There are 2 protein chains.
Amino acid sequence: MKKIEIFTDGACSGNPGPGGYGTILRFNNISKELYGGDPKTTNNRMEMTAVIKGLQALKEPCEITLYSDSKYVIDAITKGWAVGWKKRGWVKADKKPALNSDLWEIILQLLAVHKVEFVWVKGHAGHTENERCDELAVKGSQEARSLGASFDKVVGE
Amino acid sequence: MKKIEIFTDGACSGNPGPGGYGTILRFNNISKELYGGDPKTTNNRMEMTAVIKGLQALKEPCEITLYSDSKYVIDAITKGWAVGWKKRGWVKADKKPALNSDLWEIILQLLAVHKVEFVWVKGHAGHTENERCDELAVKGSQEARSLGASFDKVVGE
RNA sequence: AGACACCUUCUAUU
DNA sequence: AATAGAAGGTGTCT
């Protein structure tokens, strides 16, 4: 399996409000940048979307190290929260609904095909790729606001 | 009888721990705000205290609509739990002791002089007065913690 | 088993 | 200052 690095970040002005995601894929020193946005979303949905878009960009099963600054995303996977929510019908331990189940379903499905190690990185702490993802996410959120519609883009090589 | 609206809320950091209550009385478009705290209490005792302080502020029998977000308080009155506990010597249906009987005694006594309709409001749902009461309760709990002693305050008009 | 409330911690987004 | 999300817990009752 090919070894890939994926870096992700989300942004959302207003929260809820117009939001964007930024994703960098790296394979053999070549990078591909993805970004996009949604005119009405939340910070956490954009963090999740950044992960989804990165994994969906792969055309075959890969071995991935994925970096995110979202404890929500990282803990939900590495601590087994998401699997537990799905098992219990998207209900949390306190019996209240676990949110964003639509996106978690997609992520869990993608994790069944790829081998992914999730790594948490502290936000705004000088991590080069995380800060580039943040720029992309902000750009996505700005375009979503001006467009008033969802969109996706690919840049770089 | 004068028609009064009373809004109440309680807070308690730690639970048990330092707690506060907040109460708003409204009569003819004039409002009075009460708050206070206790360095060692529970959330439910503060919810009850908010009710007691509001009713005790009245100098004559009134017709009151009282709003609380505590099902414990609302159900104990509207479903007759408190009357039942008192009748059975402060014993619950499961034979265990009913708690906070000291405060329930005071409330039942106040209900004998005033005509009160209890209304439950959902907490943290944009209810203006409930959120103001929450602010007052938090202030009371903070002052109780720093003072290390119980106190009561009256503000507004 | 259910309900409401009250918290403690954590991260991100503003 | 606030929102979006999660874990763990107590206070109380039916």
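All values derive from a computational prediction rather than experimental measurement.
- Donor-acceptor pairing under 3.5 Å, judged by distance alone, is absent between the side chain of A:N15 and the base of C:rU14.
- The shortest distance between the side-chain N/O atoms of B:N44 and the OP1/OP2 oxygens of D:dC13 is not below 4.0 Å.
- In terms of phosphate contacts, A:W85 brings a side-chain nitrogen or oxygen within less than 4.0 Å of OP1 or OP2 of D:dA7.
- Both the sub-6.0 Å distance and the 45° axial angle are satisfied by B:K71 relative to the ring of B:W120.
- In this entry the distance linking CD of A:E47 with C1' of D:dA6 reads 14 Å, nearest Å.
- B:W104 comes within 4.0 angstrom of nothing in the nucleic acid, heavy atoms only.
- Using a cutoff of 4.0 Å between basic side-chain nitrogens and carboxylate oxygens, B:K86 and B:E105 are scored as salt-bridged.
- One can place CD1 of A:I74 at 16 Å from C1' of D:dA7, the figure rounded to the nearest angstrom.
- Between A:T42 and D:dG5 there is a side-chain N or O to OP1 or OP2 distance below 4.0 Å.
- When the nucleotides C:rC7, D:dC13, D:dG11 are ranked by their closest atom to the side chain of B:S13, C:rC7 comes out on top.
- Ring planes of A:W104 and A:Y72: perpendicular class, angle over 60° (limits at 30 and 60°).
- Heavy atoms of A:A93 sit under 4.0 angstrom from primed sugar atoms or phosphate atoms, though from no base atom.
- Here A:K2 pairs with A:E60 in a salt bridge; the nearest charged N to carboxylate O distance falls below 4.0 Å.
- Atom CE of A:M46 is separated from atom C1' of C:rU13 by 12 Å (rounded to the nearest Å).
- Rounded to a whole Å, the NZ atom of B:K96 is 11 Å from the P atom of D:dT14.
- The CG-P distance, from A:D75 to C:rU9, rounds to 17 Å in whole Å.
- Across all strands shown, A:G10 has heavy atoms under 4.0 Å from sugar-phosphate atoms exclusively, and none from any base.
- One donor-acceptor pair, N or O on each side, does fall under 3.5 Å between the base of C:rA5 and the side chain of B:N43.
- Nearest nucleotide to the B:W81 side chain, out of D:dT12, C:rC7, D:dC13: D:dC13.
- Heavy-atom distances to RNA chain C give each of A:G123 and B:D69 a nearest nucleotide, and the one nearer the 5′ end belongs to B:D69.
- One interatomic measurement links the two molecules: CG of B:L103 to C1' of D:dT12, which rounds to 13 Å at whole-angstrom precision.
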CA sep, side-chain torsions, deciding dist, call: A:D38, A:R45, salt bridge (Lys or Arg N to Asp or Glu O under 4.0 Å): CA-CA 10 Å; A:D38 189 312; A:R45 288 186 70 83; over 6 Å; no
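- Whole-Å rounding puts the A:D94 CG to D:dG9 P distance at 12 Å.
- DNA chain D is contacted by no residue of residues 128-136 of chain B, taking any non-hydrogen atom closer than 4.0 Å.
- Under 4.0 Å is where a charged nitrogen must lie from a carboxylate oxygen, and between B:K122 and B:D69 no such pair does.
- Relative orientation of the B:F151 and B:Y35 rings is perpendicular, given thresholds of 30° and 60° on the angle between their planes.
- When heavy atoms are screened at a 4.0 angstrom cut-off, B:A98 is found touching the sugar-phosphate backbone but no base atom.
- In this structure, the nucleotide among D:dT12, D:dT10, C:rA5 sitting nearest to the side chain of B:D9 is C:rA5.
- Nucleic acid contact class of B:G17 (heavy atoms, under 4.0 Å, all strands): none.
- The NZ atom of B:K92 sits 4 Å away from the P atom of D:dC13 (whole-angstrom rounding).
- At C:rU13, one or more side-chain N or O atoms of A:H124 fall inside 4.0 Å of OP1 or OP2 (strictly under the cut-off).
- Contacts of B:K79 with the nucleic acid, taken as non-hydrogen atoms under 4.0 Å apart, are absent.
- Remark: B:K153 engages B:E143 in a salt bridge, criterion side-chain N to carboxylate O under 4.0 Å.
- At a threshold of 4.0 Å, the pair A:R26-A:E129 counts as salt-bridged, since one of the basic side-chain nitrogens sits closer than that to a carboxylate oxygen.
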